[in-house]
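Below is one structure; the comments refer to it alone.
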Amino acid sequence: MNLLEPTRRAFELLLQGDPRLLEAIWLSFWTSVVAIALITPPSIALGFLLAKRQFPGQRAVVVLVQALLSFPTVVIGLLIYLLVSRRGPLGFMELLFTPGAIIAGYMVIAFPILVVFTIAAVQGADPRIYETARCLGASRWQGSVTTLWEVRFGIGAAVVNGFGRVVSEVGCAIMIGGNIEGLTRNIPTAIALETSKGDFSQGIALGMVLMAVALGVNVVLAMLQGKGGLR
Amino acid sequence: MSVLVELGGVRKSFGARMLFDIAHLGIEEGRSYVLTGPNGSGKTTLLRMLAGLEPGEGSFRFRDSLVRFAPHYPERLQRMIAYVHQHPYLFHTSLRHNMEYGLKCRGVATKERRRRAEEAIAWAGLAERQVTPPESLSGGEKQRAALARVRALQPDLILLDEPTSNLDKEGRAQTLALLAQLRDERRTVIVACHDQEIISLAGIGRFHLDDGRMQ
């Protein structure tokens with residue numbers, strides 16, 4: 001197979017700002033950003049609770065969250081499909097094959113990543129942070145917020161990691177988004193479709209965007225890890 | 001002078017091992033004390049119990065209130081008693097924000113907070129290090145910053161754990177000078193230490209914890 005021609009064409013599409021390409025890129029970005037923005041606060045709160053407080057069933061919750069990490073995304077897509085399909089319990093919301101469904105799927109995928117990273121960041125925090133805050137007169141709430149602030153680079157790494165995971169996700173997006181052009185077609189689903197149609201130039205162009213995102217995410221992660229004390 | 005803190009029948013044990021059993025200890029208001037004792041005698045543990053960071057058996061009197069140790073330690077006392085770790089922790093923000101932290105928790109107005117933070121930084125002799133990230137300060141500078149941070153809060157009781165350990169000669173001398181100032185300001189301070197120079201500071205009360213007993 002001649003790869004040069006489709007690659008040249010891919011660069012052309014990118015440079016010309018092909019509308020179909022831009023639509024898929026834009027959808028990928030805004031759905032990922034919205035999903036991460038919505039799921040980050042509750043995930044951090046749960047991660048903090050699991051790391052700092054002891055309560056009955058705590059271990060079971062941690063195991064469940066860790067298990068969610070290895071859940072195939074296509075299964076998550078299937079579960080959400082069953083929930084939001086017309087006959088499902090959330091069918092009245094008419095979410096199936098909409099960006100809203102993709103956002104819901106992304107939130108479920110990012111949730112365990114954010115929780116597990118937050119647990120690791122908080123458990124790795126210097127115990128003097130909370131004690132110092134309390135000894136300076138902070139309430140329990142203020143002491144907890146201060147602890148989170150002190151491990152902000154670890155939390156930031158969680159957010160960046162979660163974003164990197166969902167922006168390149170394909171299984172769940174196809175299941176519940178339906179890969180509808182102009183509505184729910186994002187970068188990974190467009191790559192899968194265009195490649196199956198034999199239009200490699202679209203696939204290569206979107207692949208390059210995705211690889212640039214992956215590289216960017218890893219650069220940000222490395223910077224955050226450096227600020228967090230790792231060298 | 002009135003008694004600020006009075007301990008009676010305070011015990012700490014780890015399983016079957018009794019660390020200490022203090023029959024009586026009185027701390028007068030406006031006076032500095034050193035708490036000496038061999039390693040492992042429980043000096044740090046006692047300070048941490050008084051600061052509400054460590055559970056223990058018994059209770060102590062703080063002015064007219066009877067106080068139980070953690071987990072029943074009252075929230076309001078957390079703002080009256082300030083404890084500084086042997087290796088103090090400075091938040092990863094500016095030195096000024098570190099000084100303002102406790103004041104902010106107490107709801108002190110911004111202008112007053114700034115004034116007191118600047119005064120604290122000057123008191124610690126760190127005016128020229130204001131823009132240095134706290135993690136880049138030397139051990140002595142961190143210790144002085146931590147002392148200034150609690151002093152700015154004007155707590156009723158300051159508890160210091162080995163404030164001069166691991167400091168070089170210059171750092172020790174500067175920290176000692178601040179401790180002498182706290183004594184002269186008639187702050188109530190308890191310093192757990194081995195440092196002979198602190199122990200021999202004039203006008204300081206002394207307690208010795210050894211073999212589980214306070215002498």
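By convention in this document, chain letters (A, B, ...) are assigned in the order of the sequence lines, proteins followed by strands, and residues within each chain are numbered from 1.
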- Message: Please rank B:Gln78, B:Lys104, B:His87, B:Arg76 by heavy-atom pairs under 4.5 Å with chain A and give me the top one.
- Response: B:Gln78
- Strictly by modelled atom types, are B:Tyr89 and A:Glu131 linked by a side-chain donor-acceptor pair under 3.5 Å? no
- Item | Per-residue contact mode, B:Glu75 against chain A (heavy atom under 4.5 angstrom) | side chain
- Query: Between A:Thr146 and B:Tyr101, does any side-chain donor sit less than 3.5 Å from a side-chain acceptor?
  - Reply: yes
- Message: Would you say CZ of A:Arg185 has more than 12 non-hydrogen atoms from neighbouring residues, nucleotides or ligands within 6.0 angstrom?
- Response: yes
- Task: Mark yes when over 12 heavy atoms from residues, nucleotides or ligands other than B:Glu135 sit less than 6.0 Å from its CD; otherwise mark no.
- Result: yes
- Message: Taking side chain as everything from C-beta outward and backbone as N, CA, C, O, which of these in B:Ile81 sits under 4.5 Å from a heavy atom of chain A? Side chain, backbone, both or neither.
- Response: backbone
- Item | Contact summary for A:Gly137 and B:Cys105, nearest pair of heavy atoms | O-CB, 3.6 Å
- Counting only heavy atoms not in A:Trp149, do more than 12 fall under 6.0 Å of its CH2? no
- Query: Can you find a pair of side-chain heavy atoms, one from B:Pro88 and one from A:Thr132, that are under 4.5 Å apart?
  - Reply: no
- Message: Heavy-atom cut-off 4.5 Å, strictly under: side chain, backbone, both or neither for B:Arg48 against chain A?
- Response: side chain
- State, yes or no, whether a side-chain contact exists between B:Phe91 and A:Ile129 at a heavy-atom distance under 4.5 Å. yes
- For the side chain of B:Arg106 and the backbone of A:Leu136, is there at least one donor-acceptor N/O pair under 3.5 Å apart? yes
- Message: For B:Arg68, I'd like to know if atom CZ has over 12 heavy atoms of other residues, nucleotides or ligands within 6.0 Å.
- Response: no
- Enclosure of B:Tyr33 OH (heavy-atom neighbours >12, cutoff 6.0 Å): yes
- Query: Once you round to the nearest 0.5 Å, how far does SG of A:Cys135 lie from CG of B:Leu153?
  - Reply: 10.5 Å
- Task: Can you measure from CZ (B:Arg79) to OG (A:Ser139) and round to the nearest 0.5 angstrom?
- Result: 7.0 Å
- Item | side chain to side chain contact (heavy atoms under 4.5 Å, CB included) evaluation trace for B:His92 with A:Arg152 | CA-CA 10 Å; B:His92 291 96; A:Arg152 58 192 177 276; 4.0 Å; yes
- Note on the structure: The interface call for A:Arg140 against chain B, heavy-atom contacts under 4.5 Å, is both
- Message: Can you confirm whether more than 12 heavy atoms, excluding those of A:Gln54, are under 6.0 Å from its CD atom?
- Response: no
